[in-house]
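These numbers come from a predicted model, not from an experiment. Naming convention: chains lettered A, B, ... in sequence-line order (proteins, then strands); numbering from 1 in each chain.
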Amino acid sequence: MSGWLSVRAIAIVALLLALVLLPVHVELGGSRFLLTLFTRIIILALAAVSLNLILGYGGMMSFGHAAYLGIGGYAVGILAHEGVFTGFIQWPVALAASALFALVIGALSLRTRGVYFIMITLAFAQMAYYVVAGLARYGGDDGLTIYKRSQFIAPIDLSNKVQFYYICLALLFGSMYLVRRIVNSRFGLAIQGARSNDTRMRAIGFPTYRYKLVCFVIAGTLCGLSGALIANHTDFVSPAMMYWTRSGDLIIMVVLGGMGSTFGPLVGAVALLVLEEVLSSITEYWQIILGPLLLLVVLFARGGIDGLLGKVRHG
Amino acid sequence: MADLLRVENLAKRFGGIVATDDLVLNIPEGELHAVIGPNGAGKTTLIAQLSGQLTPDSGRIHFAGSDITAEPMYARSALGLARSFQITSLFLDLSVLDNVALAVQARAGHSFHFWHNARREPELRDPARTALARVGLSARADLPASALSHGEHRQLELAMALASRPRMLLLDEPMAGLGPEESARMVTMLRELKKELTILLVEHDMEAVFALADRITVLVYGRVIASGKPEDIRNNAQVRDAYLGEQEAVHA
């Protein structure tokens, strides 16, 4: 058991502090680019946190999680395009649309297992991709530019980069806390039981399908929030944000950081996106370096980076 | 006493193989009923149909007065029909206490509670600890289930079955793979359990079966060839031919 002064605790506190203090560093003359990069990292970490709920704790290998990024993003983009700028409508619509999509996909895909589950979630996400790419009114393949960020009441201004960064960070921390509460609750234990041994769960009296479906919808909704944030961050949405490779990126973040751990997805998102940034500035063929690194983690560190740092505990 | 479990003309075939053949079985409340038979007699298939894992081709199953033939596994369990598995089937990556607490939670209403830490709820943890104490696993409560020995896994299985406060227990070869000492301990535990539960026991260990059972049903190729008190079964010529003789031959 690790105490307060374990390597892992120190590393995580350092990471959280760095995230909180980053805008200060930028204000004091650091590169503005860092703020943009880390806003993106934080938003994608939020998506990874939501994926970790179903993948890490629920054992549901969804290969279509980026679909919710697109749905959340397009909810904001389409409403803005139609002249609805208030975030009080845009964001609830983004969440509700993601929840509804997750409900339909989950209801169908959770009846299958293993490879079939992976393929069905992938197929639905790709379907959503092609539907969005076919929306000529909203830019089709080329995507849709958003001219005005979501509007909230007075002091909140998403166009202020520092403020937007802190809003994203607060939402990320809030989501991590929410997921942590969920996985330790009765519901969370039921989900982890189903991951561990679904047949046995049903034999002792749990209708696991319902629990997994609700879990799937929670994760999809949370990822929809991440999509709404991305739309505001890039002032642009395009079908590319829900392409299947993006779903793959999210899985890599979760596996790299540590499945079924509270901080794993955040650590994974930071590690993957910073590595991507650094390596791509060194060489055009950065994926040749990233690939083997990932392989090493999967082969030798089953608990991901978080596991390497210290104990891994499910739940 | 009223029959707690009533099985009427149950039949199940897999292709050309008849696994359950027009099977009739009545188990009154409070009885420990053993089902024995040579390999391939359809004992596990019977348990799978009783627990809802397999659907019979025809026939009906009544439990506690209601027809459960079409009920899914979790619904039967909620009615109080609990099953333990022949091949140990646990939540290996969860702690020993978590395993039992999940069985308690299964009977504590729905689990759509998202906020309170379930690992700190006394109404889940206390009964779980009690069940662990009854099977002698208290000291292992906080280990992951994967760290236990095979014998301890069987004890844990039993603790989970107990924790779900069932009316009837379906036990599929609880002694499988146990050493003599562990077997003896299991027999003692089952003798305790039978005081408060109705039990259907499928078991190869004849010594245990004859020591524990109130009544015994003998299956061969899915058919009941004899059913009665242990001494009647022991003296039944047909059973000796079909089964006990073969056992002896194997042991010799």
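For A:Arg200 (side chain) and B:Ser89 (main-chain N/O), a donor-acceptor pair under 3.5 Å exists by modelled atom type. In this structure, A:Asn197 contributes its side chain and B:Leu90 its backbone to a donor-acceptor pair below 3.5 Å.
Per-residue counts of heavy-atom pairs under 4.5 Å with chain A were compared for B:Arg107, B:Gln53, B:His116; the largest is that of B:His116. Residue with the most contacts toward chain B among A:Ser196, A:Ala190, A:Ala203: A:Ser196 (heavy-atom pairs, distance under 4.5 Å).
Below 4.5 Å, heavy atoms of chain A meet heavy atoms from B:Glu121, B:Glu123, B:Leu124, all part of residues 121-132 of chain B.
Between A:Tyr177 and B:Trp115, the ring-plane angle classifies as perpendicular under the 30° and 60° cut-offs.
Side-chain contact between B:Leu94 and A:Arg195: present, with at least one pair of heavy atoms (C-beta onward) separated by less than 4.5 Å. For the pair A:Gln192 and B:Leu102, the minimum side-chain heavy-atom distance is 4.5 Å or more.
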* Hey, mind stepping through A:Phe187 and B:Phe112 against side-chain contact (heavy atoms from CB on, under 4.5 Å) and telling me if it holds? -> CA-CA 5 Å; A:Phe187 176 80; B:Phe112 290 107; 4.0 Å; yes
* Trace of the side-chain contact (heavy atoms from CB on, under 4.5 Å) decision for A:Thr199 with B:Met73 -> CA-CA 9 Å; A:Thr199 310; B:Met73 224 189 314; 4.3 Å; yes
* **Derivation and outcome, side-chain contact (heavy atoms from CB on, under 4.5 Å), residues B:His110 and A:Arg210** => CA-CA 11 Å; B:His110 67 78; A:Arg210 292 178 211 169; over 6 Å; no
* To do: Could you give me the CA-CA distance, side-chain angles and deciding distance for B:Phe91 and A:Met201, then say whether side-chain contact (heavy atoms from CB on, under 4.5 Å) is met?
  => CA-CA 9 Å; B:Phe91 308 111; A:Met201 280 299 275; 3.4 Å; yes
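For A:Leu108, the CG atom counts as densely surrounded, since its 6.0 Å shell holds more than 12 non-hydrogen atoms of other residues, nucleotides or ligands. The number of heavy-atom neighbours closer than 6.0 Å to CE of A:Met119, taken from other residues, nucleotides and ligands shown, is 12 or below. The environment of A:Tyr116 atom OH is sparse: at most 12 non-hydrogen atoms of other residues, nucleotides or ligands sit within 6.0 angstrom. Crowding of A:Arg181 atom CZ: a count of heavy atoms from other residues, nucleotides or ligands under 6.0 Å exceeding 12.
With a 4.5 angstrom heavy-atom cutoff, B:Ala75 does not touch chain A via any of its atoms.
Between A:Leu189 atom CG and B:Asn117 atom CG the span is 8.0 Å, to the nearest 0.5 Å.
A:Ser185 approaches B:His113 most closely through the heavy-atom pair OG-O, 3.0 Å.
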